[in-house]
**Student:** 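There's a structure below that I have some questions on.
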Protein chains: 2
Amino acid sequence: MNRKLPDKTVERLSQYRRALLNYKSSGKHHIFSHEIANLLHITAVQVRRDIMLIGYTGTLRQGYDVQDLIDIIGKIIDTKEGQKVAVVGIGNLGRAIMGYFSGKRTRLTITAAFDSNPEKVNRIYAGIPCYHIEKLTEIIRNEGISIAVISVPGEFAEKVAQDLVMAGIKGVLNFSPKPLNMPSHVYLQEFDMLTILEKVAYFVKKS
Amino acid sequence: MNRKLPDKTVERLSQYRRALLNYKSSGKHHIFSHEIANLLHITAVQVRRDIMLIGYTGTLRQGYDVQDLIDIIGKIIDTKEGQKVAVVGIGNLGRAIMGYFSGKRTRLTITAAFDSNPEKVNRIYAGIPCYHIEKLTEIIRNEGISIAVISVPGEFAEKVAQDLVMAGIKGVLNFSPKPLNMPSHVYLQEFDMLTILEKVAYFVKKS
DNA sequence: ATAACATTGTTATTAAAATAACAGTAATTT
DNA sequence: AAATTACTGTTATTTTAATAACAATGTTAT
């Protein structure tokens, strides 16, 4: 499985895996496409198509082997060594993100947090050390962190983004309301709270 | 402008407006499509196409009238009376969301927050009263809240969603990792932190 | 006055994602 | 043994989104 998968398929694979890990604890070993579909509230065709794309094949009348499927998805979306993540900006959102990860076993590990507030620097949040933002480039380089989450206020986002690129970051999730511009070798995902809520409001109004 | 616009166009309209409001304060009255494009790091064609879809037209060689464009976008995405929003779950994420809104002038107003923790109930967060989650249906009905943000842990998300539907909610933004199932008259937008980060990690790995 | 330019608005094309259609087949029923 | 059923896997179609192509036209330069 070397070919790059569609964006949306990758998202669903992550969700399939989580749903399957949970399903597994019920003791069942096999699952049908329509059962996976129900867990995610999507269609069975979509599930089968995604599974086709990753080259796994179930067995007729039995469905998919839960553990096998979990493993295959792991081979596709995880790296052997795992990947390190930094959170930049330890406001409520930054802490929320760190909270999401604490306890979860995943191949993504948040290994550093950054902030400019001296009261936050050198403290530990959800097990993660917070450094002064001046150390950003240095620590990202030294620790080999490849992914960053930007959760600073808009006015600082651009500067942070530049520094991250300088430090050799490979993927960025931007929560600030400021749209960023990244070189093409950096994968950028943006999420703008106000925009998303205004969109919801628009479709509420229209419906 | 009655026709329903494409999802992505609506998102960009929200961003155009914010960028324009900011641009306006520089004192300029007109703006070209490629200037808007630069602000958002997208293409000028995309901008012109979106503007075409909303039926506004600029003037050749002068571009668009900033204020007019702001107003037209407002007519499309806002309602006259504004829309009320509730935040369910006052953890770090819930507080982050409330923070995003405090001070912003928008036609969306967060008017209620809900939590089950008695220490949080009956306090005010960022100017918003926090009620016990038992009051959810009652308050949403009485206040005419049409939009809800779910920021509770996964295990509670489904119950909250059911209650919201019962209360007559029209749009939901779900931050919990639990995929929700909503009747078709409720607009649902999901955002799953782990999934999104795993996707970023996948494309980082591939690049 | 004519040509070149810079810009908008629109149609045409391509790309990505979702959905539908259906072929194949092992298990079960008749 | 034949027909039916309940699934998977794949191709075809449709829908949505993005990009490209280009016509139209006022402005500036020559």
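Naming convention: chains lettered A, B, ... in sequence-line order (proteins, then strands); numbering from 1 in each chain.
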**Student:** Pick one: which of B/D115, B/L136, B/V149 meets side chain to side chain contact (heavy atoms under 4.5 Å, CB included) with B/V88?
**Tutor:** B/L136
**Student:** Just the rounded figure in Å: distance from C1' of D/dA18 to CD of B/E11.
**Tutor:** 14 Å
**Student:** In this structure, how many angstroms lie between the P atom of D/dC7 and the CD1 atom of A/I51, rounded?
**Tutor:** 15 Å
**Student:** Looking at the side chain of A/M52, which of D/dT19, D/dG9, D/dG26 is the nearest nucleotide?
**Tutor:** D/dG9
**Student:** Pick base, sugar-phosphate or nothing for B/T9, based on heavy-atom distances below 4.0 Å to the nucleic acid.
**Tutor:** nothing
**Student:** Using side-chain heavy atoms (C-beta onward) and a distance below 4.5 Å, is B/F203 in contact with A/Q189?
**Tutor:** no
**Student:** Which residue lies toward the 5' end of DNA chain D, B/D7 or A/A44, if each is placed at its nearest nucleotide?
**Tutor:** A/A44
**Student:** Looking only at side chains, do A/R95 and A/S151 share a donor and an acceptor under 3.5 Å apart?
**Tutor:** no
**Student:** Roughly how many Å is it from CD in A/Q62 to C1' in D/dT5, rounded to a whole number?
**Tutor:** 16 Å
**Student:** Using atom types as modelled and distance alone, determine if a side-chain donor or acceptor of B/T109 lies under 3.5 Å from a backbone N or O of B/T111.
**Tutor:** no
**Student:** Are A/D163 and A/K159 close enough for a salt bridge, meaning some N to O gap below 4.0 Å?
**Tutor:** yes
**Student:** What are the 5'-most and 3'-most nucleotides of DNA chain C lying under 4.0 Å from any heavy atom of chain A?
**Tutor:** C/dA17 to C/dT28
**Student:** Whole angstroms only, please: what is the CZ-P distance between B/R48 and D/dC22?
**Tutor:** 15 Å
**Student:** For B/A19 versus B/L39, what's the shortest heavy-atom pair and its separation?
**Tutor:** CB-CD1, 4.0 Å
**Student:** Mind calculating the distance between CG (B/D50) and P (D/dA17) to the nearest angstrom?
**Tutor:** 11 Å
**Student:** A/Q46 CD to D/dT10 C1': how many Å, rounded?
**Tutor:** 15 Å
**Student:** From NZ of B/K4 over to P of D/dT16, roughly how many Å is that when rounded to an integer?
**Tutor:** 11 Å
**Student:** Would you say the rings of B/F191 and A/F175 are close, in the sense that their centroids are separated by under 6.0 Å?
**Tutor:** yes
**Student:** Could you state the CZ-P distance from A/R49 to D/dT13, rounded to the nearest angstrom?
**Tutor:** 14 Å
